[in-house]
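Quick note: residue numbers are just sequence positions, from 1. In this text the structure is predicted, and so the values were computed from the model without any measurement.
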Amino acid sequence: MMAEVLLFHHVLGRTKGIEAIADQLRDAGHIVHVPDLFEGRKFPSLEEGLGFVKEIGFEEVTARGVRAAGDLPRDVVYAGFSLGVPAAQQLSQTREGARGALFFHACLPTSEFESQWPADLPVQIHAMSADPFFVEDGDINAARELVASANHAELFLYEGKEHLFTDSSIPSYDADATKLVIKRVLDFLA
């Protein structure tokens with residue numbers, strides 16, 4: 001069965017690595033939309049990307065993601081990589097008809113949004129077990145709470161400390177872990 005996926009990029013922008021993941025999902029027969037929340041800008045480091053995000057505002061990045069869903073059908077799977085997770089999570093949690101959610105490298109407390117997590121909405125969360133952003137910033141606790149509250153939720157922790165380990169275009173890429181992520185994501189979308 002084919003899924004339609006709205007995929008939000010991370011703080012470095014719509015990189016070749018993000019496109020590569022979208023292409024792997026497309027190759028499996030899914031429709032994948034990857035809106036550019038940075039209007040073409042890409043950044044070589046997390047610091048530079050965060051600097052840009054601070055200029056335009058985290059809320060604006062999330063709002064751009066939410067607006068990107070406007071023209072799409074409601075029964076899509078929302079996916080986000082790190083900075084893209086807030087938009088994916090807000091849409092999953094508040095836009096009726098969501099088919100599923102995929103969160104990579106981040107997860108917010110469900111209390112961030114106006115409503116509870118829809119109990120029957122399936123979600124997968126993928127991160128490295130020692131990623132300081134995921135662990136020290138509390139995302140791992142939010143992920144565990146979400147998994148505990150939802151009927152179809154899985155948290156997958158991978159060995160290592162890299163944050164954006166799924167992006168093949170940057171040094172933190174972990175090919176083996178990403179291969180397993182993609183397998184689990186394709187099973188989820190099937």
**Request:** With side chain to side chain contact (heavy atoms under 4.5 Å, CB included) as the test, would you mind laying out the steps for Asp174 and Met128 before giving the verdict?
**Result:** CA-CA 10 Å; Asp174 183 318; Met128 284 201 156; 3.5 Å; yes
**Request:** Kindly indicate, with the supporting measurements, whether the criterion salt bridge (Lys or Arg N to Asp or Glu O under 4.0 Å) is fulfilled by Lys179 and Asp176.
**Result:** CA-CA 5 Å; Lys179 195 172 170 182; Asp176 292 336; over 6 Å; no
**Request:** Kindly indicate, with the supporting measurements, whether the criterion side chain to side chain contact (heavy atoms under 4.5 Å, CB included) is fulfilled by Leu50 and Phe43.
**Result:** CA-CA 9 Å; Leu50 279 170; Phe43 300 94; over 6 Å; no
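Salt bridge absent: Asp187 and Arg184 never bring a charged side-chain N and a carboxylate O closer than 4.0 Å. Salt-bridge annotation for Arg67 and Glu60: present, with a side-chain N of the basic residue lying under 4.0 Å from a carboxylate O of the acidic one.
The shortest side-chain heavy-atom distance between Leu83 and Phe38 falls under the 4.5 Å cut-off. Contact annotation: the side chain of Phe188 never approaches that of Val123 to less than 4.5 Å [non-hydrogen atoms, C-beta and beyond]. Under the 4.5 Å side-chain criterion, counting only non-hydrogen atoms from C-beta, Trp117 is in contact with Ser92. Side-chain contact between Asp131 and Glu136 is absent, with no heavy atoms from C-beta onward closer than 4.5 Å. Looking at Val185 and Leu189, their side chains come closer than 4.5 Å, going by heavy atoms from C-beta outward. Inter-residue side-chain proximity for Phe52 and Lys54 is flagged as unmet; no heavy-atom pair is nearer than 4.5 Å. At least one side-chain heavy atom of Tyr173 sits less than 4.5 Å from a side-chain heavy atom of Thr178.
Counting only N and O atoms by type, the side chains of Glu48 and Ser45 include a donor and acceptor under 3.5 Å apart. A donor atom on one side chain and an acceptor atom on the other are not found under 3.5 Å apart for Arg99 and Tyr78.
Hydrophobic clustering (ILVMFWY, side-chain heavy atoms < 4.5 Å, transitive): Val85 and Val181 are in distinct clusters. Val66 and Val53 fall within a single hydrophobic cluster, where Ile, Leu, Val, Met, Phe, Trp and Tyr are joined by side-chain heavy atoms under 4.5 Å apart, directly or via other members. Note on Leu155 and Val135: same hydrophobic cluster, where clusters join Ile, Leu, Val, Met, Phe, Trp and Tyr whose side-chain heavy atoms are under 4.5 Å apart, directly or indirectly. Residues Phe133 and Phe58 share a single hydrophobic cluster, defined by chaining ILVMFWY side chains whose heavy atoms lie under 4.5 Å apart.
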Side-chain donor/acceptor pairs under 3.5 Å, residues 3-15, sequence neighbours excluded:
{"from": "Glu4", "atom 1": "OE2", "to": "His33", "atom 2": "NE2", "distance (Å)": "2.6"}
{"from": "His9", "atom 1": "NE2", "to": "Leu37", "atom 2": "N", "distance (Å)": "2.9"}
{"from": "His10", "atom 1": "ND1", "to": "Leu12", "atom 2": "N", "distance (Å)": "3.2"}
{"from": "His10", "atom 1": "NE2", "to": "Asp167", "atom 2": "OD2", "distance (Å)": "2.7"}
{"from": "Arg14", "atom 1": "NE", "to": "Glu19", "atom 2": "OE2", "distance (Å)": "3.0"}
{"from": "Arg14", "atom 1": "NH1", "to": "Val34", "atom 2": "O", "distance (Å)": "2.6"}
{"from": "Thr15", "atom 1": "OG1", "to": "Gly17", "atom 2": "N", "distance (Å)": "3.4"}
{"from": "Thr15", "atom 1": "OG1", "to": "Ile18", "atom 2": "N", "distance (Å)": "3.2"}
{"from": "Thr15", "atom 1": "OG1", "to": "Asp167", "atom 2": "OD2", "distance (Å)": "2.5"}

List the atom pairs, with distances to 0.1 Å, where a side-chain N or O of residues 102-113 and a protein N or O form a donor-acceptor pair under 3.5 Å, not counting sequence neighbours.
{"from": "His105", "atom 1": "ND1", "to": "His163", "atom 2": "O", "distance (Å)": "2.7"}
{"from": "His105", "atom 1": "NE2", "to": "Thr166", "atom 2": "OG1", "distance (Å)": "2.8"}

Show me the donor-acceptor pairs, under 3.5 Å and distance only, between side chains in residues 146-154 and residues at least two apart or in other chains.
{"from": "Ser149", "atom 1": "OG", "to": "Glu145", "atom 2": "O", "distance (Å)": "3.4"}
{"from": "Ser149", "atom 1": "OG", "to": "Leu146", "atom 2": "O", "distance (Å)": "3.1"}
{"from": "Asn151", "atom 1": "ND2", "to": "Ala119", "atom 2": "O", "distance (Å)": "3.4"}
{"from": "Asn151", "atom 1": "ND2", "to": "Asp120", "atom 2": "OD1", "distance (Å)": "2.8"}

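Expressed to the nearest 0.5 Å, how far CG of Leu46 lies from OG of Ser82 amounts to 7.5 Å. The structure places CD1 of Ile182 at 8.5 Å from NE2 of His126, a figure rounded to the nearest 0.5 Å. Note: Glu39 CD to Arg64 CZ = 4.0 Å, rounded to the nearest 0.5 Å.
Between the side chain of Arg95 and the backbone N or O of Ala69, at least one donor-acceptor pair lies under 3.5 Å.
Closest non-hydrogen pair, Ala87 versus Gly65, comes out as CB-CA, 3.9 Å. A pairwise comparison of heavy atoms in Leu121 and Gly100 identifies CD1-N, 3.5 Å as the closest pair.
The six-membered or imidazole ring of Phe165 lies near that of Tyr158, with a centre-to-centre distance under 6.0 Å.
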